[in-house]
Number of protein chains: 2
Amino acid sequence: MTAASAAPGPARSARERARAEITAEILASARAQLAEVGPAALSLRAVARDIGMVSSAVYRYYPSRDDLLTDLLVTAFDELGQAAEDAAHRARARPVAARWLATGRAVRAWALAHPHEWALLYGSPVPGYRAPRTTVGPATRVIAVLVRMARGGALDATPAWVDRRTVRAVASAREHARNWRPDGGTTGSSSDRPESTTAEPADDGSHETAVTVRVMAAWATLFGTISFELFGHLVGSIDDLDQYFDAVCRMTASDLGLT
Amino acid sequence: MTAASAAPGPARSARERARAEITAEILASARAQLAEVGPAALSLRAVARDIGMVSSAVYRYYPSRDDLLTDLLVTAFDELGQAAEDAAHRARARPVAARWLATGRAVRAWALAHPHEWALLYGSPVPGYRAPRTTVGPATRVIAVLVRMARGGALDATPAWVDRRTVRAVASAREHARNWRPDGGTTGSSSDRPESTTAEPADDGSHETAVTVRVMAAWATLFGTISFELFGHLVGSIDDLDQYFDAVCRMTASDLGLT
DNA sequence: TGATCAACGAGAGCACCGCTCTCGATCCGC
DNA sequence: GCGGATCGAGAGCGGTGCTCTCGTTGATCA
């Protein structure tokens, strides 16, 4: 379904290589189209025209328009995740609050530079479509970066808005977060820290729950703020979008106890 | 452009009434279609078929599909705003934190009950399109409810994430917020309070800025959380979506100093 | 009351879309 | 070397938004 058929040996048959090449050509043209007209107006026939093929021939490579969109989705998720990881990595020597701000800025910058791709990733899903499981991996890269940073925070006492039901509600999310390597990021370095499984200090999970909800809500805040800006919901209210977004980043970092 | 031509006298000419009736019929069929197949798949021809007209006849009433979608947009914004206002009004006797939670729940409930309409309001727009000025009024009803509630909060000192540039960045938003009536809502009561223009207590606007950013970010948080849920970004992470959303509501209320 | 003109519904048509099917040409593996 | 899989091209189907024309009907004005 995806272009992953080009994976194995260095030189398969000529036909295999031609197939991989044409698949890449289709994807490149589709990416250009996506950036230009957006996901809704992306036309498989126009892609075929662009690369000098007839529309039916493209179906030899992508069984449907949705499959093509899925590949574009994965690519875009990967690009955005890479941008976030790069920003976090570049700021690795600075205080975690500064790294948080840098990452937020990078995500916003990517969104502003690629509004149509952002719409594909986070806009309304096209009717029948959505989320073959190929997409979940790249989709989690941004939140993974944020979660790793949020571990550097110092939240004080367990807040009052966490109760037993909240702890249960985010159990899976906490599990996922625990499994993300402490460093991770672009450099695949550092060893595991198995002692992270030692008993928490007589905690019932409330504190971890608070951090988890905070970081997921913070991501929702950044996403919502960026989407509001992109979709024009802030015109007339916010006079300086850069400064406003920075303030929201600083606010979320502060709420997470990042300094 | 919209169906506002039915406004003035009680009984215009027969033709006028027929026009208003058919316009309403088109809009009703379009609303049903929207709820069923979503904005992307909404077909003007299908609407025409549904009401027993030929497609070209519909163009006598709506010059294009986008104009029809705009009317649906306004309608949906109005419904959502009404739901939020009603919830806030029903909880008027309770503490403001409870009213905040009730309002958030109402917005989420509306979104879950009308996912396609939510996608129309807050999903990916085609960048060429957007926001004839008819839409801005109804679109601000939800945030207006939230802003009015946020006035009941007790934020402590001015947070560190506000600086002079932040104050300037949200100047227009603060101006708008000041102009929303203290009560407002569904009951059009209460008189103006011109003394709100008296000098703030030696404040440079930092505190008001903090509240403004907080409430706008809180709305972005609720919006982002609902969109994440609707678009499937939380599956596998959040086990109890109701409880998670409640926690996010309580958290934002707490961050706004609402009790 | 009768004529005029605008508004209206119907139909045909255009360009485009996603997608399917068939049919030669081409390449690969046995 | 040959049979079968793969490919590109073309025609075609049903759908879309939208335009244009053409009778009809209703409102308006003389």
Side-chain angles (χ1 to χ4, degrees), chain A residues 1 3 5-6 8-9 11-27 29-30 33-34 36-72 120 125-130, chain B residues 1 3 5-6 8-9 11-27 29-30 33-34 36-72 120 125-126 128-129:
Chain A
M1 191 155 302
S5 48
R12 298 287 290 246
S13 72
R15 203 164 221 173
E16 285 281 336
R17 281 195 302 133
R19 182 173 183 86
E21 245 175 62
I22 295 187
T23 304
E25 204 175 348
I26 292 173
L27 213 148
S29 173
Q33 282 242 351
L34 170 64
E36 200 171 341
V37 301
L42 190 149
S43 153
L44 204 142
R45 290 177 109 113
V47 169
R49 241 178 281 128
D50 183 44
I51 63 177
M53 283 175 102
V54 87
S55 72
S56 62
V58 179
Y59 283 86
R60 300 282 183 194
Y61 300 86
Y62 286 96
S64 80
R65 179 179 176 273
D66 272 4
D67 290 274
L68 180 55
L69 276 180
T70 300
D71 250 25
L72 293 173
L120 174 64
V126 286
Y129 180 72
R130 243 331 128 168
Chain B
M1 194 157 298
S5 48
R12 300 284 292 247
S13 72
R15 204 164 222 176
E16 286 281 337
R17 282 195 302 133
R19 179 171 185 86
E21 246 175 60
I22 294 188
T23 303
E25 203 174 348
I26 291 174
L27 212 147
S29 172
Q33 282 243 351
L34 171 63
E36 200 170 342
V37 302
L42 191 149
S43 153
L44 204 142
R45 290 178 109 114
V47 169
R49 241 177 282 128
D50 183 44
I51 63 177
M53 283 176 103
V54 86
S55 71
S56 63
V58 179
Y59 284 86
R60 302 280 183 196
Y61 300 86
Y62 286 95
S64 79
R65 179 177 175 275
D66 270 4
D67 290 274
L68 180 55
L69 277 180
T70 300
D71 249 25
L72 293 174
L120 175 64
V126 281
Y129 177 73

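- One distance of note links CD1 of A/I51 with OG of A/S29; it measures 6.0 Å at 0.5 Å rounding.
- The minimum heavy-atom distance linking A/Q33 with A/V47 is given by the pair NE2-N, 4.0 Å.
- Look at CD1 on B/I26: it is 11 Å from P on C/dC8, rounded to the nearest Å.
- Using modelled atom types, one finds no donor on one side chain facing an acceptor on the other under 3.5 Å when comparing A/T70 with A/D67.
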Decide side-chain contact (heavy atoms from CB on, under 4.5 Å) for B/Y61 and B/L27; before the verdict, give the C-alpha distance in whole Å, the side-chain angles of both, and the deciding distance to 0.1 Å. CA-CA 10 Å; B/Y61 300 86; B/L27 212 147; over 6 Å; no
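- In this structure, the CD atom of A/E21 is 16 Å from the C1' atom of C/dC27, given to the nearest Å.
- Between A/M53 and A/I22 the shortest side-chain heavy-atom distance falls below 4.5 Å.
- Nearest heavy-atom pair across B/R65 and B/P39 is NH2-O, 2.7 Å.
- One can place CG of B/D50 at 17 Å from C1' of D/dT16, the figure rounded to the nearest angstrom.
- Checking D/dG8, D/dC7, C/dG9 against the side-chain heavy atoms of B/A57 singles out C/dG9 as nearest.
- A/T23 places a side-chain N or O within donor-acceptor distance of the main-chain N or O of A/R19, the cut-off being under 3.5 Å.
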Summarise protein proximity over nucleotides 24-30 of chain D in one line of letters, 5' to 3': B for base, S for sugar-phosphate only, - for none, counting protein heavy atoms closer than 4.0 Å. -BBS---
side-chain contact (heavy atoms from CB on, under 4.5 Å) between A/L120 and A/L42: does it pass, once the steps are laid out? CA-CA 11 Å; A/L120 174 64; A/L42 190 149; over 6 Å; no
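- Residue-level contact check: A/L68 touches neither bases nor backbone, having no heavy atom under 4.0 Å from any strand.
- Taking only side-chain nitrogens and oxygens, B/Y61 comes nearer than 4.0 Å to OP1 or OP2 of C/dG9.
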Annotated protein contacts, base or backbone, on nucleotides 14-24 of chain C with a non-hydrogen cut-off under 4.0 Å, one of B, S, - each: ---BBBBBB--
